[in-house]
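One structure is given here, and the rest of the page talks about it.
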Amino acid sequence: MATATSALQRMYIDGQWTEAEGGRTKAVINPATEETLAEVAYGGRPEARRAIEAAHKAMPAWMKLTPYDRAKVLKKTADLMRDRVDTIAKTLTLEQGKPVAEAKAEILHAADTFEWFAEEGKRAYGQIIPHSVPGKRHVTLKHPVGVVGAITPWNFPVTLPARKIAPALAAGCTIVIKPAEQTPLCMIQLLECLLEAGAPPGVVNLVIGEGPAIGEEFLQNPLCRKLSFTGSTAVGKQLMRGAADQVKRLSLELGGHAPFIVFPDADPEVGAKIAVTGKFRNNGQVCIAPSRFYVHKDVEKKFTEAAVEFSRALKLGNGVEPGVEVGPMIEERARDKTVGLIDDARKTGATVLTGGKKSDRFAKGFFFEPTVLNNLSPDSKILTEEPFAPVMPLLNFSNLDDVIRAANNTRYGLSAYVFTNDLSIAWKMAEGLEAGIIGINDPVPAAPQCPFGGMKESGLGRELAHEGLEAYLETKYVSWKLKD
Ligand code: ADP
């Protein structure tokens, strides 16, 4: 049997490592060096169809297992990921660019996600509902939704598939996963953990290839009952339209444009440290990254000075090197988009306090200097479009109600951040902000047991937590009449 460690990295369909029809392949590029890391099999609709059929065939046996038996596979997957964290982290850094320490944290978070859903699958409880008519009885049962098609992006290439595979398998569903074409290699290593942990053929299938074609097959193939997508709002909307024909179940985790609001009661230098940590993690290429910084006028000067100092001190470089804190951006296109956002901000009056350009310290790689801007015009693109870039735009405010209004003035509603030690302010902000995830003095709020997802155009449904399991379950209501 060919394995994922052969020179050509393959897809995995129906228990077999397979090439694409016609032998098509695509290169995976190291964003720090621009070198080719590997060639991967690159398919489309036919492979997606075969994978859905395999998942459909595998589902009856998988859903008949007890949640306790399915949990064994998920728990063992978590253990194997922890054992192999160094190897998978290196692969992740090579293909995605983030520093190895961040890559390790991502893999451990994903392993925790597998372990958590192994347990939560045991709690897919139905209900006994009190009857109102004598002699009747009412109960609900939980039923797996069916074959799942999952599409994930490149920014968290292990964690985001884990948020779909773990709850789907725990619920008794089978799955076809399509990772981003920039980052398929660490997904292959995650799949190897699942297979060694005992996932039977057809239960997890990996299809690498053209997003639109594979998405079309997920939408149009009636054997695929649910689509779970993490990615851009534009593609999410397209999939939502396409899902209507078959009333396909949908989970969407889309873009964000998170406010980070700094109140004057707490030390602005501490606030700046938290802000810089949240902003430049993974180069700001994070759906929950803070991207509009509202700083109270009383602490604006101190916060700004500290934010500039901390941003300048970040060590930019190849993520495999020790001590590097910020790696390259994912690709040239992403870096060009960042240049465009900064040009637009400059034209509309913004001041660049630090960074603002491609780094000239590297002959190769998509490096961009961590950037801080102020004096922004409210209609500059960086404040209205999801930036996905290492750029911190600073704004100011003086009144709580005004800042809530400004923070909510966006079609997004994924995350929001508040820096304060004042309990009343924290509570009012938590109530007033239109965001699915709110970090109070916490720039990295995601945890397997806590719901993750957005309001407004940031998505539909929640991942992680009990809601993340419910997303793969249908509720069946059963009513019966007893004999007199
Ligand atoms: P990003 O800009 O972060 O790459 P995308 O939404 O374009 O965000 O991509 C996220 C994932 O969606 C990737 O796996 C990509 O291949 C896939 N994708 C892109 N376009 C489509 C589409 N039209 N239908 C289905 N999947 C798509």
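Any value given below was found using the heavy atoms of this structure, including those in side chains, with hydrogens, waters and symmetry copies removed. Counting starts at 1 for both ligands and their atoms, following the listed order. The shown structure was predicted, so the numbers you read here are calculated from the model rather than taken from an experiment.
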Protein non-hydrogen atom found under 4.0 Å from atom 16 (O) of ligand 1: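 Within 4.0 Å: yes, protein heavy atom nearby.
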With a 4.0 Å cut-off, strictly under, does atom 23 (N) of ligand 1 pick up any protein heavy atom?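 Given the 4.0 Å limit, the answer for atom 23 (N) of ligand 1 is yes, a protein heavy atom qualifies.
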For Val235, atoms of ligand 1 separated by under 4.0 Å from a heavy atom: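 In order of number, 6 (O), 20 (N), 21 (C), 22 (C), 24 (N), 27 (C).
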Ligand 1 atoms in contact with Ile151 (distance to a heavy atom under 4.0 Å):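 Here the atoms of ligand 1 in question are 11 (C), 12 (O), 14 (O), 17 (C), 25 (C), 26 (N).
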Does the side chain of [X] come under 3.5 Å of the side chain of [Y] through a donor N or O and an acceptor N or O?
X	Y	value
Arg10	Tyr12	no
His56	Arg225	no
Tyr472	Ser251	no
Gln96	Asn282	yes
Arg45	Gln220	yes
Thr152	Lys178	no

If you measure every N/O of Lys178 against every N/O of ligand 1, is any gap under 3.5 Å? yes
Short N/O distance, under 3.5 Å, between Arg333 and ligand 1?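 Min N/O separation from ligand 1 is not below 3.5 Å for Arg333.
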When you measure from the heavy atoms of Phe218 to every atom of ligand 1, does any distance fall below 4.0 Å?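 Checking ligand 1 against Phe218, which is what was asked, there is no heavy-atom contact under 4.0 Å.
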Could you check whether any heavy atom of Glu181 sits closer than 4.0 Å to an atom of ligand 1, since that is the contact criterion I want to use? no
Which of the listed options, Gly149, Ala213, Gly211, Ala150, holds the heavy atom that is closest to atom 18 (N) of ligand 1? Gly211
Counting heavy atoms only, which part of [X] comes closer than 4.0 Å to ligand 1: side chain, backbone, both or neither?
X	result
Thr152	backbone
Gln238	side chain
Phe388	neither

Heavy-atom distance under 4.5 Å between the side chains of Pro445 and Tyr417, does that happen here? yes
Nearest non-hydrogen protein atom, atom 4 (O) of ligand 1: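 In this structure, atom 4 (O) of ligand 1 has Trp154 NE1, 3.2 Å as its nearest protein heavy atom.
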Nearest-neighbour protein heavy atom for atom 5 (P) of ligand 1, which is reported as residue plus atom name and distance: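 Ranking protein heavy atoms by distance from atom 5 (P) of ligand 1, first comes Ser232 OG, 3.7 Å.
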If you look only at distance, which donor and acceptor atoms sit under 3.5 Å apart when one is on a side chain in residues 454-464 and the other is two or more places apart or in another chain?
unit_1: Lys456; atom_1: NZ; unit_2: Asn408; atom_2: O; d: 2.9
unit_1: Lys456; atom_1: NZ; unit_2: Thr410; atom_2: O; d: 2.8
unit_1: Lys456; atom_1: NZ; unit_2: Glu434; atom_2: OE1; d: 2.7
unit_1: Glu457; atom_1: OE1; unit_2: Lys237; atom_2: NZ; d: 2.8
unit_1: Glu457; atom_1: OE1; unit_2: Arg411; atom_2: NH1; d: 2.8
unit_1: Ser458; atom_1: OG; unit_2: Gly255; atom_2: O; d: 2.6
unit_1: Ser458; atom_1: OG; unit_2: Gly413; atom_2: N; d: 2.8
unit_1: Ser458; atom_1: OG; unit_2: Leu414; atom_2: N; d: 3.2
unit_1: Arg462; atom_1: NH1; unit_2: Gly454; atom_2: O; d: 3.1
unit_1: Glu463; atom_1: OE2; unit_2: Lys164; atom_2: NZ; d: 2.9

If I take atom CG from residue Asn283 and atom CG from residue Asn155, how far apart are they, to the nearest 0.5 angstrom? 11.5 Å
